[in-house]
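Structure first, commentary second.
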Amino acid sequence: MKNIAIIGASGYTGAQLTALIQTEPELSIQGLYVSENSLDKGKSLAELYPVYQHISAVLQPLTPEAKQQIVAQADAVALATEHSVSLELAAWFYAQGLAVFDLSGAYRFSDAANYPKWYGFEHNQAEVLAQAVYGLAEWNAEAIANSKMIAVPGCYPTASLLALKPLKSLMTDAFPVINAVSGVTGAGRKAQLHTSFCEVSLTPYGVLGHRHQPEIASQLGQEVIFTPHLGNFKRGILATITLQLKPGTRTEDVAEAYSIYHGSSIVSVKQNQFPKVDDVVHTGNCHLGWKFDEQNHYLVVASAIDNLMKGAASQALQCIKIHFKY
């Protein structure tokens with residue numbers, strides 16, 4: 001039995017991860033934590049989310065004493081915290097010998113020079129950053145198993161990379177064009193006018209400047225054009241990607257490339273049949289659908305995931321289970 005502490009448990013992702021771990025017979029929750037000044041401290045998760053009535057655990061403030069208790073009792077910590085907060089917490093818990101599963105962006109880039117531009121802070125944990133591995137579960141299982149510092153990927157990159165990585169050897173130098181739409185839970189639980197449900201209408205944002213673009217590019221080894229959109233639905237992501245493949249590529253070659261997912265219980269692939277968000281919401285699955293124009297060498301692939309599940313919590317759980325060999 002492995003004990004997991006969840007920090008940032010009051011947010012959508014932290015609460016979702018708590019509920020998932022509760023169903024795992026080989027895992028247990030060491031404790032649920034929020035910041036010392038959080039208005040949610042002392043409340044049960046069920047008070048914040050009635051859907052989790054079966055979870056009686058109380059949200060505890062992350063005091064210095066609580067941190068020492070985590071070190072003494074937990075095997076791992078999952079950080080569903082803001083990027084700059086995770087930066088310090090991940091390094092501290094890693095130094096204490098715990099496995100760290102960070103759902104923020106604080107350790108997703110291997111090059112510290114990316115952080116001032118894309119995240120607004122200087123990365124001051126070079127030694128820990130050098131040990132961090134990217135937790136795209138289907139592609140980095142061996143590294144996840146062998147490292148105690150796992151950076152769980154972003155939701156848009158997960159949807160995009162699962163679609164694109166099998167095709168890398170077939171791609172030209174032309175930039176894949178990714179148009180992706182996310183539900184409003186992707187913006188987090190904090191109240192903001194532009195993500196208030198009554199204010200949301202389908203619209204692009206972060207055009208040519210979203211931090212997930214370089215995350216996708218660095219993991220793919222290929223520059224991309226990435227345009228995210230906010231949709232007026234609660235959860236889920238649909239990414240529709242257009243890319244050019246090398247001359248001479250056949251439909252059979254594309255099918256062979258995607259055969260890497262044959263046997264997967266999480267990623268399913270269909271030719272000439274495209275996914276919809278409703279098919280994956282509240283699941284940890286990824287549905288891919290593709291169609292290839294052999295004459296013009298263009299392929300369109302669509303990828304659907306739940307942003308809070310495969311895009312965050314259920315992928316973190318995959319990483320935890322891979323690391324602890326469950």
Side-chain angles (χ1 to χ4, degrees), residues 4-15 17 30-38 40-41 59-71 74-136 140 143-144 147-158 186-190 206 209-219 311-313 315-316 319-320 323:
I4 314 297
I6 300 178
I7 302 174
S10 63
Y12 292 137
T13 296
L17 181 56
Q30 182 275 334
L32 305 180
Y33 299 91
V34 293
S35 66
E36 289 187 81
N37 60 358
S38 172
D40 294 326
K41 64 184 178 184
L59 298 162
Q60 306 173 53
L62 189 65
T63 62
E65 294 76 19
K67 290 169 68 176
Q68 293 298 335
Q69 189 173 40
I70 291 170
V71 172
D75 299 287
V77 294
L79 301 176
T81 45
E82 196 273 330
H83 312 294
S84 59
V85 174
S86 282
L87 173 67
E88 305 298 337
L89 285 178
W92 190 85
F93 282 111
Y94 180 81
Q96 311 311 307
L98 274 67
V100 178
F101 301 88
D102 179 27
L103 287 92
S104 84
Y107 289 86
R108 291 175 185 158
F109 291 124
S110 59
D111 185 356
N114 282 313
Y115 288 92
K117 177 178 180 179
W118 298 107
Y119 284 94
F121 59 77
E122 296 286 343
H123 206 292
N124 59 4
Q125 303 292 341
E127 292 184 10
V128 181
L129 184 62
Q131 301 303 314
V133 301
Y134 194 71
L136 189 63
N140 286 343
I144 293 165
S147 175
K148 285 192 171 184
M149 183 63 234
I150 293 92
V152 181
C155 52
Y156 283 126
T158 294
R189 182 167 168 257
K190 184 179 179 180
H210 195 281
R211 59 180 53 142
H212 281 166
Q213 178 272 326
E215 182 180 337
I216 296 166
S218 64
Q219 292 298 320
Q315 181 145 248
C319 291
I320 290 170
H323 180 77

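Side chains are part of it too, since the values below use all heavy atoms of this structure and drop only hydrogens, waters and symmetry mates.
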Is a donor on one side and an acceptor on the other found under 3.5 Å between the side chain of [X] and the backbone of [Y]?
X    : Y   : value
S38  : S35 : no
E88  : S84 : no
Y107 : L87 : yes

Could you measure the distance from the [atom1] atom of [X] to the [atom2] atom of [Y]? Nearest 0.5 Å is fine.
X    : Y    : atom1 : atom2 : answer
I150 : Q315 : CD1   : CD    : 12.0 Å
I7   : L59  : CD1   : CG    : 12.5 Å
T158 : L136 : OG1   : CG    : 6.0 Å

Measure across [X] and [Y] and return the closest heavy-atom pair with its distance rounded to 0.1 Å.
X    : Y    : value
A78  : L17  : CB-CD2, 3.5 Å
K41  : P61  : CD-CB, 4.1 Å
A312 : T13  : CB-CG2, 3.7 Å
H212 : G154 : NE2-CA, 3.9 Å
N140 : Y134 : ND2-O, 2.7 Å
S10  : V34  : OG-CG1, 3.6 Å

Do [X] and [Y] come within less than 4.5 Å of each other through their side chains, counting heavy atoms only?
X    : Y    : result
P157 : Q219 : no
I4   : I320 : yes
I70  : L98  : yes
Q125 : Q131 : no
W118 : E215 : no
F93  : K67  : yes
Y119 : R108 : yes

Can you run down the side-chain hydrogen bond (donor to acceptor under 3.5 Å, both in side chains) pairs that involve residues 147-157, sequence neighbours left out, and say none if there aren't any?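 For residues 147-157, and leaving out neighbouring residues, the side-chain hydrogen bond (donor to acceptor under 3.5 Å, both in side chains) pairs sorted by first residue read Y156-Y205.
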Between H123 and F109, is the ring centroid distance below 6.0 Å?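 No.
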Taking only residues two or more places apart in sequence, or in another chain, which ones meet Q69 in a side-chain contact (heavy atoms from CB on, under 4.5 Å)?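 So Q69 forms a side-chain contact (heavy atoms from CB on, under 4.5 Å) with Q30, Y33, Q60, Q73.
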Under the side-chain contact (heavy atoms from CB on, under 4.5 Å) test, which residues partner S86, sequence neighbours left out?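 S86 satisfies side-chain contact (heavy atoms from CB on, under 4.5 Å) with L79, T81, D102, S104, A106 only.
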How far apart are the C-alpha atoms of V100 and W92, what are their side-chain angles, what is the distance that settles it, and do they pass the side chain to side chain contact (heavy atoms under 4.5 Å, CB included) test? CA-CA 10 Å; V100 178; W92 190 85; over 6 Å; no
